[in-house]
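In each ligand, atom 1 is the first atom listed, and ligand 1 is the first ligand listed. Nothing fancy with the numbering, it's 1 onward along the sequence. Worth knowing before you read on, the calculation uses all heavy atoms, side chains too, and leaves out hydrogens, waters and symmetry mates.
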Amino acid sequence: MVNTYVVVGTQWGDEGKGKIIDVLGGKVDYVVRFQGGNNAGHTVIVNGDKFILHLLPSGVLHQNAQCIIGAGVVVDVAVLKEELTALEKRGFDTGHVFVDHRAHLIMPYHIAEDIAREKARGIYKIGTTKRGIGPTYMDKISRVGIRVADLFDGATLLQKIELILAEKNPLLKQFDCDVFSKEEIYAIAMQYKAILGNRVIDGTIIVNKAIDSGKKVMFEGAQAIMLDIDHGTYPYVTSSSPTAGGICAGVGVSPAKIKNILGVSKAYTTRVGEGVFPTELDNEIGNRIGEVGYEFGATTGRKRRIGWLDLVALKYAAMINGLDYLVITKIDVLSKIEFLDIAIGYEIEGVTYEDYPSWINQQTNIKVLYKRFNGWDEDITSIRTYDALPENAKTYLEFI
Ligand code: IMO
Ligand code: MG
């Protein structure tokens, strides 16, 4: 019996994945991240205590689950250290956190490059989290990346660093940035090696064996389908595949072993950073939802853009991920709004689209086709069962 569970984002991130992962985390033996890095921002509140996790899987708060940062993740070891220390200070044991030796390292020059590239793009900036995610994946694909395992191979590491700096430094100079010496990067690499120590494992083998022996394994997604490098709103996307399919490549498990795929969506939509957002509410209602829902990025603190729920995008998310379950979060934020709209199609130059058109961008003249629902006045924040919801909230959910 294959006991795998997947939690993925179905919008542009920040759907509340961290919360759902925390709920499920106590029931599984392994929590595994498969892509992205510390661009994620997962807020989890345990007994009134707030935790914001970026790189560590949100499942880390459950001491009984082994937490694995999989091969497809890009790892900033300085951030790993910070997050581990923060948890330890609050009394959590972190001995159950491991990193696959295939994972690529985010190095200081990647962060410098991310910042420099964004600046150079001017009005075409992507609005990245400036954590070095894109440049690290670029180097991985270019085959000049440094992997966790390389830290333990003293003989070739210095050569690798020399090779990469021969590419990076001229580029950084061109962007008017400071350059890095090989001694400096090597010293940082040695610090990273010490921090990682015996947390380095072969995650691929461990996870596959765990699945084969019937253990419960949860794959924790970061980001979301609409930020997917291939299927998202390119180029305003992240540099990995945050979909259920991304698990196969990111951890090295067969698609046949990916079960119980759970997508998370807010009852409305948010987006941080630039890029097309058909249902965006640049008005009073949007501001209100943003305030009530406290929509500020957990990673960068930026104000999130707000919009109505978009079923064109959600249907696309359900298709690409092959969702078995859908979790709707933050519906309580929508209380006391007279009418609620849900997007069911787009009209572009007189043509109606019910399937997400991959080519649309911020300049496309999209008339969004909405279905309108009556809102509800009740404060539903403390309601814990579906039956206790106001009729209008049930109608809204049933429609989704
Ligand atoms: P969680 O896991 C929301 C966005 C950035 C930017 C684009 C590219 O909290 O859902 P990057 O730094 O990845 O190169 O930035 O992707 N982005 C997110 N938006 N939630 C996230 O993660 C995100 N991770 C990246 O804002 O628009
Ligand atoms: Mg987030």
Exercise for the section: Anything protein N/O/S under 2.8 Å from the Mg ion (ligand 2)? Just list residue and atom, please. Expected result: Asp14 OD1, Gly41 O
Exercise for the section: Measure up the Phe34 and Phe219 rings against each other and bin them: parallel (under 30°), tilted (30 to 60°), perpendicular (over 60°). Expected result: perpendicular
Practice task
For the pair Asp341 and Lys371, find out whether any cationic side-chain nitrogen is under 4.0 Å from an anionic carboxylate oxygen.
Solution key: no
Fill in the blank from the handout: In chain-and-number order, ligand 1 lies under 4.0 Å from a heavy atom of each of Trp12, Gly13, Asp14, Lys17, Asn39, Ala40, Gly41, His42, Ile126, Gly127, Thr128, Thr129, Ala222, Gln223, Leu227, Val237, Thr238, Val272, Gly273, Arg302
Handout entry: Pair Glu118 + Lys125: basic N to acidic O under 4.0 Å
Key = no
Handout entry: Salt-bridge criterion met for Lys17 and Glu220 (N-O under 4.0 Å)
Key = no
Handout entry: Tyr356 and Tyr346 aromatic ring geometry - parallel, tilted or perpendicular at 30°/60° bounds
Key = perpendicular
Problem - Carboxylate-amine/guanidinium contact Arg305 Asp282, below 4.0 Å - result: no
Exercise for the section: Using a strict 4.0 Å threshold on nitrogen-to-oxygen distance, state whether Arg121 and Glu274 make a salt bridge. Expected result: no
Exercise for the section: Decide whether Thr136 and His104 meet the rule of one side-chain donor and one side-chain acceptor closer than 3.5 Å. Expected result: no
Exercise for the section: Answer yes if the side chains of Ser335 and Trp376 hold a donor-acceptor pair under 3.5 Å, and no otherwise. Expected result: yes
